[in-house]
Amino acid sequence: MIELKKTYSPEEIEDKWYAFWEKNGYFMPDMEAAEPPFCIVIPPPNVTGSLHMGHALNVTIQDILARWKRMLGHKVLWLPGTDHAGIATQNVVERELSKEGLSRQKLGRDAFIERIWKWKAEYGSRIIHQLKKLGASCDWSRERFTLDEGLSKAVREVFVRLFEEGLVYRDNRLINWCPRCHTAISDLEVEHEEIEGKLYFIKYPLTPPLAPLAKGGKGGYITVATTRPETILGDTAVAVNPEDDRYKNLIGKNIELPLTGRKIQIIADSLVDTAFGTGALKITPAHDFNDEAVGKRHKLSSISVIDEDGFMNERAGRRYSGLDRYACRKKIVEDLKELGLLEGEKRHLHSIGHCYRCKTAIEPLLTVQWYVKIESLAADAVSAVEEKKIKLVPEQWENNYFAWMREIKDWCISRQIWWGHQIPVWYCPDCFSENRVLNGELIEHIFFEPVTPPLIKGGKGGVNAITGGIYSELRKSGISHDEIIKNSKIIKAHKSVKPICERYDITACPECMSRNIIRDPDVLDTWFSSALWPFSTLGWPANASNNSEDLKTFYPTNTLVTGFDILFFWVARMIMMGLKFMGDVPFREVYIHALVRDLKGQKMSKSKGNIIDPLVMIDKYGADAFRFTLAAFAAQGRDVRFSEDRVEGYRHFINKLWNATRYIVNNEEAWLQKPMHGRDASLKLPEQWILSRLAFTVDEVNKHLSHYRFNDATNSIYQFIWHEFCDWYIEFTKPILYKGSSEERATIINCLFFVLEKSLQLLHPFMPYVTEDIWHNVFKQSKSIMMSKYPDAMERDIDAEEKMGHVIDAITGIRSIRGELNISPALEIRADIKADIKIGSADIGNVLKENLSAIMKLTRCREIKIGKDIRRVKGSAVSVKEGMEIYIPIEGLLDISSEVLRLKKEMAKINEAMSFLNKKLLNEDFLKNAPNDIVQKEREKFNDFVNKKEKIEENIDLLKQIGKSQ
RNA sequence: GGGCGAUUAGCUCAGUGGAAGAGCGCUUCCUUCACACGGAAGAGGUCGCAGGUUCAAUCCCUGCAUCGCCUACCA
């Protein structure tokens with residue numbers, strides 16, 4: 001005898017079944033599987049991360065697909081892993097170090113990296129454990145990490161090949177610099193945020209001074225408007241619009257730049273918006289992207305006045321040097337005020353770039369960085385989507401994708417941190433550059449802390465500590481090559497220094513054999529390695545020790561499941577790299593899901609404190625209910641506003657399923673004798689019906705899943721299990737199960753078990769744990785439900801569905817009367833049903849008679865008369881359904897007038913509907929233009945109403961007569 | 001500034017060119033031998049506003065409003 005507790009407790013079984021699956025290797029692809037391979041690579045979560053709602057939705061969707069395809073017989077590989085999250089991870093470990101009074105420079109590069117690996121070993125698998133809690137059926141034996149050996153090889157190979165083809169290059173230009181993380185970041189990693197700042201109006205004196213030139217002109221100076229007064233120190237021009245009459249005559253004139261005394265020129269550039277500010281724009285090519293462009297057009301010089309830490313440097317002048325950029329702003333405003341050069345200031349809302357990681361305001365800095373030349377790669381990536389080699393779902397994302405790809409800029413891939421793939425490039429200070437300058441003269445070092453040069457024999461040395469400088473000079477001062485490298489926080493190799501890019505590490509310059517080579521200290525953007533994920537994880541590049549079977553079998557992968565927030569960061573870049581290095585798309589379809597927001601529609605964030613923790617949800621409701629909720633919310637093209645009530649609702653659904661199972665297994669013995677395998681002509685109507693509804697549901701669910709319509713799939717299953725299987729079929733079985741013959745019982749019990757098993761299988765991709773638990777308990781299988789066959793292609797029986805519809809009509813008709821007239825449920829009543837019509841193949845009267853005991857039980861009637869010539873008993877309540885009239889004698893049961901009231905209410909509804917239809921049917925245009933079947937349908941509807949109305953009217957009259965005679 | 005999306009029952013959301021659906025909540029009744037994490041019966045919406053196309057519009061088009069998001073060189 002199967003024993004099940006009265007309620008389902010997820011916490012008791014989830015870990016058990018997960019361990020069972022993993023132990024038996026069920027997550028690994030079955031290479032013998034008959035259907036084609038199906039591969040998903042997980043969007044690698046950040047190693048420092050912990051599970052949030054976004055992961056939960058993302059992983060749930062992937063798991064549903066993986067389990068579904070696996071049960072359908074495909075060779076399924078869902079490949080998991082994490083990425084090394086360069087900046088984030090380095091930050092985490094640096095924070096840890098600082099608590100110990102240490103720093104990365106004190107440790108040195110190698111020791112620091114070792115320390116991060118140690119951290120990773122300890123904490124890096126947290127997110128993996130959390131994915132397992134969710135039930136993710138990833139093949140953990142293939143788990144990868146973007147910094148592991150194989151993936152690092154892939155990164156190196158890709159970099160070298162791109163270098164050889166000239167697709168990666170170094171250039172000196174403005175980049176987005178985070179003064180706190182101390183690294184360059186790409187355009188995408190900058191978050192723009194509206195901030196209320198100030199617009200300062202500053203007078204720039206003309207030199208020599210001029211008389212007023214236009215009305216309103218101020219003659220002696222030109223006023224510029226700026227939000228960043230501190231950058232005045234780096235101004236190299238003032239620009240006006242060439243069409244601007246106010247300033248036309250000033251073009252070419254000189255200005256004495258305040259606070260510096262430098263002379264700069266007024267130039268004309270159409271970039272300038274005459275309507276904004278004063279129409280005069282100060283140009284700081286070294287600290288503003290627009291200004292950089294203007295500078296290039298006009299060949300202006302660039303003066304950097306801010307350093308890598310966000311402080312003013314020596315070029316800012318003695319008065320300001322060493323100040324934080326904001327402190328400097330304040331001071332400069334004061335100074336200008338004192339000089340009478342501040343004309344005014346006003347509040348100003350503008351958007352400012354911030355570091356995505358630490359939210360510090362970005363400082364545009366002029367530096368040499370590595371870039372990927374993106375144009376040709378992007379063009380191919382656009383074609384792949386245009387030609388539908390890759391399908392984005394929902395399709396609307398394609399527009400976004402194209403728009404971004406069309407305006408794509410070269411990708412800055414170097415990062416000034418230590419944790420990551422170090423760029424495989426060396427510089428030789430002892431070789432000469434193209435213009436015959438010693439490279440050592442072109443390489444600048446900035447030290448972490450001042451270094452005191454050792455005493456040089458005969459020289460002074462050892463006196464003044466230095467903060468860095470030109471390589472050659474540092475050497476001359478007596479600091480050794482190794483010391484220079486060890487102490488360098490930043491190494492700036494001039495653009496003209498030739499990079500030596502190698503597949504394998506080198507220790508000497510291949511040209512001059514010098515052993516003083518300097519490796520490029522930068523590492524690559526984490527996304528550079530993520531871009532290779534779909535093939536690097538499968539074993540690319542192949543070599544002797546790695547035959548890359550997986551790559552052959554599973555590339556291109558099938559579906560990528562991801563959020564739109566990393567469409568550009570990651571998806572677009574994978575497409576480019578896949579096409580470039582594999583010659584084929586990395587995946588066929590990209591399912592782009594929504595963001596999970598809170599109830600109010602706000603993005604969840606720590607600072608808002610509106611985070612819902614998936615692990616808390618799992619604890620409270622179980623992983624199954626939580627997953628089902630996410631799937632039910634995953635409608636396409638809309639964000640998810642997460643609501644805990646829904647989780648609770650689906651938790652109840654599980655309980656419903658659990659208890660239906662308890663009902664069924666009470667009769668295990670009968671089932672064991674002859675299990676059912678499917679439809680059979682000898683079955684009775686309710687069985688034919690539920691099997692047909694099951695077939696319908698199976699079809700719907702498969703269809704919805706193949707279109708990524710997860711919410712529709714969950715709804716179909718929910719509707720079927722609760723409202724068809726439990727509400728109707730199980731109720732139908734009760735009279736027979738309790739009172740039928742053993743043969744009747746056996747058939748029904750077999751059917752119950754059959755439908756239960758199919759339901760569990762249907763549900764398994766969504767609710768892996770409870771389905772496994774029940775399946776094992778009930779069906780006593782040694783394997784796993786996840787390895788069983790997914791229901792597919794069952795036959796419907798429309799005729800049975802129609803017939804059952806009449807039975808259900810009869811029951812609801814009687815129940816409505818009972819309910820609305822408040823007839824006590826304890827009271828057994830009598831009903832008469834006049835059924836004289838044949839609809840389709842169904843003689844309604846016969847159908848009802850054949851199912852009489854169920855109808856009686858479900859309506860608590862002690863007697864039901866069914867026939868063609870049933871006569872209405874005086875004082876009956878009536879319900880008119882298609883093909884039948886139901887009468888319930890209520891005389892003596894209750895007040896006649898409340899029944900009259902009920903019928904009048906129904907009449908009002910009918911009248912309203914009829915007048916609407918009537919208008920339509922009298923409209924010649926409708927009759928002329930609408931398709932025939934629609935007109936026909938509307939006519940039928942109208943006739944039905946006429947019929948119903950007549951009957952109800954008659955009944956009202958009769959009741960009224962009784963009322964009077966009482 | 002440009003683009004995209006949203007606006008449907010009290011709440012969270014589906015949906016369709018032919019008189020609107022679900023879950024939760026609400027009302028009434030019911031502790032009937034799977035389940036009160038339950039059952040039965042109900043109430044509740046001029047589908048953001050204004051025009052247009054159509055025999056017919058919640059759905060298609062235009063404009064407006066509100067709210068999101070993405071993107072951008074208003075300093």
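First the proteins, then the strands, lettered A, B, ... as listed; each starts at 1. The figures here come from the full heavy-atom set of this structure, side chains too, leaving out hydrogens, waters and symmetry mates.
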Answer yes if the side chains of [X] and [Y] hold a donor-acceptor pair under 3.5 Å, and no otherwise.
| X | Y | answer |
| --- | --- | --- |
| S186(A) | E189(A) | yes |
| N176(A) | D187(A) | yes |
| T284(A) | D235(A) | yes |
| T812(A) | K881(A) | no |

Practice item. Return the nearest nucleotide to the side chain of D925(A); candidates are C55(B), U12(B), G18(B). Key: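 Nearest to the side-chain atoms of D925(A), counting from C-beta on, is C55(B).
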
Spacing between [X] atom [atom1] and [N] atom [atom2], to the nearest angstrom:
| X | N | atom1 | atom2 | answer |
| --- | --- | --- | --- | --- |
| I612(A) | U12(B) | CD1 | P | 13 Å |
| N923(A) | U54(B) | CG | C1' | 12 Å |
| W658(A) | A36(B) | CH2 | C1' | 19 Å |
| R860(A) | C30(B) | CZ | P | 13 Å |
| Y401(A) | G3(B) | OH | C1' | 18 Å |
| R406(A) | G3(B) | CZ | P | 13 Å |
| F916(A) | A56(B) | CZ | C1' | 8 Å |
| R646(A) | U12(B) | CZ | P | 12 Å |

Study note, to complete from the structure: By salt bridge (charged side-chain N to carboxylate O under 4.0 Å, His left out), R347(A) pairs with (sequence neighbours left out) E196(A)

Could you tell me whether [X] contacts a base, only the sugar-phosphate backbone, or nothing, with contacts defined as non-hydrogen atoms closer than 4.0 Å?
| X | answer |
| --- | --- |
| I283(A) | nothing |
| K937(A) | nothing |
| Q719(A) | nothing |
| R709(A) | sugar-phosphate |
| D565(A) | nothing |

Practice item. With sequence neighbours left out, write down each residue that passes side-chain contact (heavy atoms from CB on, under 4.5 Å) with D273(A), or none if nothing qualifies. Key: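 Partners of D273(A) by the side-chain contact (heavy atoms from CB on, under 4.5 Å) criterion, ordered by chain and then number, come out as A275(A), F276(A).
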
Practice item. With sequence neighbours left out, write down each residue that passes side-chain contact (heavy atoms from CB on, under 4.5 Å) with K198(A), or none if nothing qualifies. Key: Y200(A), E345(A)

For [X], check side-chain hydrogen bond (donor to acceptor under 3.5 Å, both in side chains) against everything at least two apart and list the hits.
| X | value |
| --- | --- |
| K739(A) | none |
| W728(A) | none |
| K203(A) | none |
| T733(A) | Y663(A) |

Rounded distance in Å between the [atom1] positions of [N] and [M]:
| N | M | atom1 | answer |
| --- | --- | --- | --- |
| G18(B) | C29(B) | C1' | 38 Å |
| G25(B) | G38(B) | P | 9 Å |
| C64(B) | G10(B) | C1' | 28 Å |
| A9(B) | U46(B) | P | 9 Å |
| C61(B) | G3(B) | P | 16 Å |
| A6(B) | G15(B) | C1' | 15 Å |
| U16(B) | A56(B) | P | 22 Å |
| G21(B) | U62(B) | P | 29 Å |

Review point. Where along nucleotides 37-43 of chain B does protein come under 4.0 Å, by heavy atom, of base (B) or sugar-phosphate alone (S), with - for untouched nucleotides?
Key: BSSSSSS

Practice item. Take Y663(A) and N929(A), find for each the nucleotide of RNA chain B with the closest heavy atom, and name the residue whose nucleotide sits nearer the 5' end. Key: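 Result: Y663(A).
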
Review point. Under a cut-off of 3.5 Å for both distances of each Watson-Crick or G-U pair, what dot-bracket string does RNA chain B give, using [ ] for crossing pairs and | for inter-strand pairs?
Key: (((((((..((((.......)))).(((((.......))))).....(((((.......))))))))))))....

Review point. Which residue pairs pass the salt bridge (charged side-chain N to carboxylate O under 4.0 Å, His left out) test when at least one of the two sits in residues 908-918 of chain A, sequence neighbours left out?
Key: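 As it turns out, there is no salt bridge (charged side-chain N to carboxylate O under 4.0 Å, His left out) pair with a partner in residues 908-918 of chain A once direct neighbours are skipped.
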
Exercise for review: Output all residues satisfying ring pair (Phe, Tyr, Trp, His ring centres under 6.0 Å) with F564(A), sequence neighbours left out; order by chain, then residue number.
Suggested key: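 Ring pair (Phe, Tyr, Trp, His ring centres under 6.0 Å) check on F564(A) returns W397(A).
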
N/O-N/O pairs, protein side and nucleotides 70-75 of chain B side, under 3.5 Å:
residue : atom : partner : partner atom : Å
C73(B)  : O4'  : N290(A) : OD1          : 2.3
C73(B)  : O4'  : N290(A) : ND2          : 3.4
C73(B)  : O2'  : N290(A) : ND2          : 2.7
A75(B)  : OP2  : H348(A) : NE2          : 2.7
A75(B)  : O3'  : T227(A) : OG1          : 3.1
A75(B)  : N6   : D273(A) : O            : 2.6
A75(B)  : N6   : F276(A) : O            : 3.0
A75(B)  : N1   : D273(A) : N            : 3.1

